[in-house]
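Here is the structure we will look at, set down as structure tokens.
First the proteins, then the strands, lettered A, B, ... as listed; each starts at 1.
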Number of protein chains: 2
Amino acid sequence: MGIENGKIRIKDVAKKAGVSTGTVDRVLHNRGEVKEETRKKVIDIIREMGYTPNLIAKSLASKKLYRFAVIIPDANNYTPYWEKPLQGVLKAAEEIKDFNSIVDVHKFKGSDENSFRKVYAEVLKCNPDGVVFNPKHKKASLDFVKLMDEERIPYVYLDVDLASGNNIAFFGQNARQSGQAAARLISNIIPNGSEILIAKLAGKKLVSHHITLREKGFIDFFKNSNNCDCKFKSIDIDLSINTEPSLSLKKIFGEHHNIKAVFVPNSRVYRVAAFLKENNLQRTICLGYDLIQPNVEYLNLGVIDFLIGQKPEDQGFNSIMALFNHLVLQKKVNKLNYSQIDIIIKENIAYYNL
Amino acid sequence: MGIENGKIRIKDVAKKAGVSTGTVDRVLHNRGEVKEETRKKVIDIIREMGYTPNLIAKSLASKKLYRFAVIIPDANNYTPYWEKPLQGVLKAAEEIKDFNSIVDVHKFKGSDENSFRKVYAEVLKCNPDGVVFNPKHKKASLDFVKLMDEERIPYVYLDVDLASGNNIAFFGQNARQSGQAAARLISNIIPNGSEILIAKLAGKKLVSHHITLREKGFIDFFKNSNNCDCKFKSIDIDLSINTEPSLSLKKIFGEHHNIKAVFVPNSRVYRVAAFLKENNLQRTICLGYDLIQPNVEYLNLGVIDFLIGQKPEDQGFNSIMALFNHLVLQKKVNKLNYSQIDIIIKENIAYYNL
DNA sequence: CTGAAAGCGCTTACAG
DNA sequence: CTGAAAGCGCTTACAG
């Protein structure tokens with residue numbers, strides 16, 4: 001090893017500068033206590049020799065333990081989706097554990113803002129070095145962000161972009177654009193003049209901003225394309241009512257006989273698929289979001305025609321890695337990170353659903 | 001650090017076993033020279049304490065330098081595609097360089113088997129620790145593989161699966177399945193009874209196995225689905241002839257007036273798109289492979305309707321990482337690794353073409 | 001303000 | 001067959 005290998009070590013820099021390795025380390029990390037003159041000299045030599053630190057050695061020698069906290073909704077019947085980002089988070093945790101870094105996962109009840117507040121208060125008590133969280137509750141999230149800014153704790157938004165705050169990164173989908181892609185797929189297939197049902201299924205009367213944007217993108221596509229003159233029927237369905245979504249869907253399909261496609265702007269599309277299957281409406285084009293198990297089943301049955309995926313595992317994984325790169329490796333990280341808008345059909349799902 | 005931290009070190013194992021760290025290291029790496037009795041004892045204690053090596057320390061201490069060789073076609077006018085796997089390879093190289101591992105890239109002329117043979121002979125002279133290569137030339141590749149088996153050099157297939165040999169992994173697409181996905185997308189759109197043109201464009205009369213499989217998958221889909229009774233017209237076009245593909249396409253479209261879709265089972269689809277645009281045939285559904293620049297442009301113009309992507313960067317990246325995991329980290333690696341079959345349209349390409 | 005030394009967990013000759 | 005010691009490139013008290 002050493003210079004002859006092309007790899008410059010601190011020792012090499014120190015020697016050339018006529019100082020000790022300790023001094024080089026001090027200027028490397030701006031730890032002060034160095035005469036300006038020698039600092040300059042060392043800096044110059046670092047540049048000149050093209051020194052780059054050996055991350056391996058750095059990590060081994062460092063006593064600092066990095067703790068990252070993750071705050072996401074608890075996966076449940078309405079939102080099995082959140083299992084996926086969690087998987088990614090845990091994979092990242094495994095990958096960075098030899099680098100003195102650990103990840104703590106904290107869950108809150110997705111629909112309950114107070115639960116989120118309680119969890120973030122706990123997290124702050126632990127003094128994490130960095131935080132990844134899902135800011136679905138806007139107001140509470142803004143309060144949280146303010147506290148982290150005061151403590152100079154870096155944070156990453158997952159799934160939803162708060163669009164304010166000093167987050168080092170955001171990982172999620174461009175919701176509006178995904179609606180446009182959905183629209184293209186449907187408009188390709190259905191005849192001119194068809195009716196399209198937009199069914200927003202929610203656990204409790206909570207239709208998030210996300211969902212609204214997907215719908216907006218969807219409708220805008222048709223508005224801006226002159227080759228499909230379709231009519232929309234948009235409804236909200238409250239799944240906490242026992243008889244839903246059957247009741248509402250039956251009514252709609254009874255009243256509108258020219259519905260050629262259903263667009264469900266979230267992961268509850270399997271509930272619509274069940275209805276379509278029971279009522280022999282499989283020929284209706286059905287498109288929804290996310291590769292959760294029941295959706296995959298209806299896709300394979302041919303009831304759901306398209307699913308839009310967004311690689312939630314990757315989002316979880318990359319969120320942690322962003323924190324790690326920022327804090328531990330001190331690499332620059334991109335702030336705005338839109339996931340791919342994956343188009344999934346029966347014929348390609350095998351290679352996504354891993 | 002140490003036990004109180006939950007992390008067991010070699011030192012801890014040695015102490016409990018009443019031996020030195022050197023001895024533990026010997027049993028850990030099966031380096032022999034250990035009495036069977038002490039070997040057993042150490043093994044037991046390793047299990048009991050749940051020792052796992054610290055990869056960071058391992059890498060820092062190790063003097064062994066790993067050299068990986070990559071052999072891929074040179075990107076050129078006919079195959080700009082190969083830029084993409086190369087990008088992934090270089091990214092992986094960057095990622096593992098602090099782990100005493102370097103990657104050498106060797107290129108051969110894609111269409112020239114002898115060029116491939118020459119390159120692999122050179123590579124063997126360098127005694128690489130592992131090889132990633134594209135076995136498009138079957139016979140030469142089998143010879144190469146045999147030599148590597150003799151030298152016990154592990155190797156990975158990229159893009160094409162030789163389907164024999166002791167490769168530790170393969171990264172590429174399930175070609176037949178991608179043809180099926182393509183067929184589904186087209187059959188969704190075109191009316192019953194349409195004609196479909198399958199245009200196989202090649203640089204020289206070389207239609208690879210790959211391409212044949214894609215075509216097969218495409219046709220089989222229609223055969224097996226009862227709701228689309230379409231006719232196929234399949235042609236080979238030799239792009240090394242100046243007047244092609246115009247000449248052939250003009251003839252076909254002149255003779256067949258009911259062609260509603262063109263399927264191009266490789267990345268040269270942009271040549272067909274150019275023809276469609278010039279001849280005002282944009283309404284013909286056009287589907288091809290790979291996100292190379294000219295294809296992306298015609299997709300954005302609305303001439304190409306779908307592109308099938310396969311994440312070639314990831315394939316390159318993962319090939320190297322497979323070698324690295326196998327040799328350096330001694331992790332198990334999956335042998336058969338099919339890439340995703342990405343469906344790309346104008347509305348989602350922005351998040352793929354990075 | 002600066003340097004010498006110990007240590008991170010592992011590997012690698014070397015001595016016996 | 002086994003152990004003691006040096007070393008990988010860095011960080012971290014500590015002494016001056």
Using a strict threshold of under 4.0 Å (side-chain N to carboxylate O), is an ion pair present between A:Asp104 and A:Arg67?
yes
Nucleotide of C:dA4, D:dG9, D:dT2 approaching A:Arg9 most closely (side-chain heavy atoms)
D:dG9
Over 12 non-hydrogen atoms of neighbours within 6.0 angstrom of CD in A:Glu37:
no
Closer than 4.0 Å, any side-chain N/O of A:Thr23 to the OP1 or OP2 of C:dG3?
yes
To the nearest Å, how far apart are B:Lys15 NZ and D:dG3 P?
15 Å
What is the distance from CZ of B:Phe99 to P of D:dC8, rounded to the nearest Å?
19 Å
Closest to the side chain of B:Ser62, out of C:dC10, C:dG7, C:dT11, is C:dT11
Starting from C1' on D:dC8, measure out to CG on B:Asn100 and report it in whole angstrom.
9 Å
Calculate the interatomic distance between A:Leu65 atom CG and D:dT12 atom P; express it in whole Å.
13 Å
Counting Watson-Crick and G-U wobble pairs whose two distances are both under 3.5 Å, find the runs of 3 or more in a row that involve DNA chain D.
C:1-3 with D:14-16, C:5-12 with D:5-12, C:14-16 with D:1-3
For A:Ser339 and A:Gln315, test the side chains for any donor-to-acceptor distance below 3.5 angstrom and give the result as yes or no.
yes
Do A:His326 and A:Lys331 come within less than 4.5 Å of each other through their side chains, counting heavy atoms only?
no
For the residue pair B:Tyr155 and B:Tyr157, does the interplanar ring angle fall in the parallel (under 30°), tilted (30 to 60°) or perpendicular (over 60°) class?
tilted
So, is B:Thr21 close to the D:dG3 phosphate, meaning a side-chain N or O under 4.0 Å from OP1 or OP2?
no
Taken to the nearest whole Å, CG/B:Asn30 to P/C:dT11 is 12 Å
Ring of A:Tyr66, cation from A:Lys64 - is the NZ or CZ under 6.0 Å from the centre and inside 45° of the axis?
yes
Could you tell me the separation between the NZ atom of B:Lys41 and the P atom of D:dC1, rounded to a whole number of Å?
16 Å
Need to verify one output field. Residue with the more 5' nearest nucleotide on DNA chain D, B:Thr38 or B:Ala61?
B:Thr38
If you look at every strand shown and take non-hydrogen atoms under 4.0 Å, does B:Asp25 touch a base, only sugar-phosphate, or nothing?
base
If you only use heavy atoms from C-beta on, which nucleotide in C:dC10, D:dT11, D:dC10 is closest to the side chain of A:Ala57?
D:dC10
Whole angstroms only, please: what is the NZ-P distance between B:Lys11 and C:dC8?
5 Å
Side-chain atoms of A:Lys35 come closest, of D:dT2, C:dC10, C:dT2, to C:dT2
Do A:Cys126 and A:Val123 have side-chain heavy atoms sitting under 4.5 Å apart?
no
Between B:Lys91 and B:Glu94, is there a side-chain N and carboxylate O pair less than 4.0 Å apart?
no
Pick base, sugar-phosphate or nothing for A:Ser59, based on heavy-atom distances below 4.0 Å to the nucleic acid.
nothing
Whichever of B:Leu28 and A:Gly22 has the more 5' nearest nucleotide on DNA chain C, that residue is A:Gly22
When you get a sec, tell me which of D:dG3, D:dC8, C:dC8 is the closest nucleotide to the side chain of A:Leu60?
C:dC8
Atom-pair distance (CG on A:Asn54; P on D:dG7), nearest Å:
18 Å
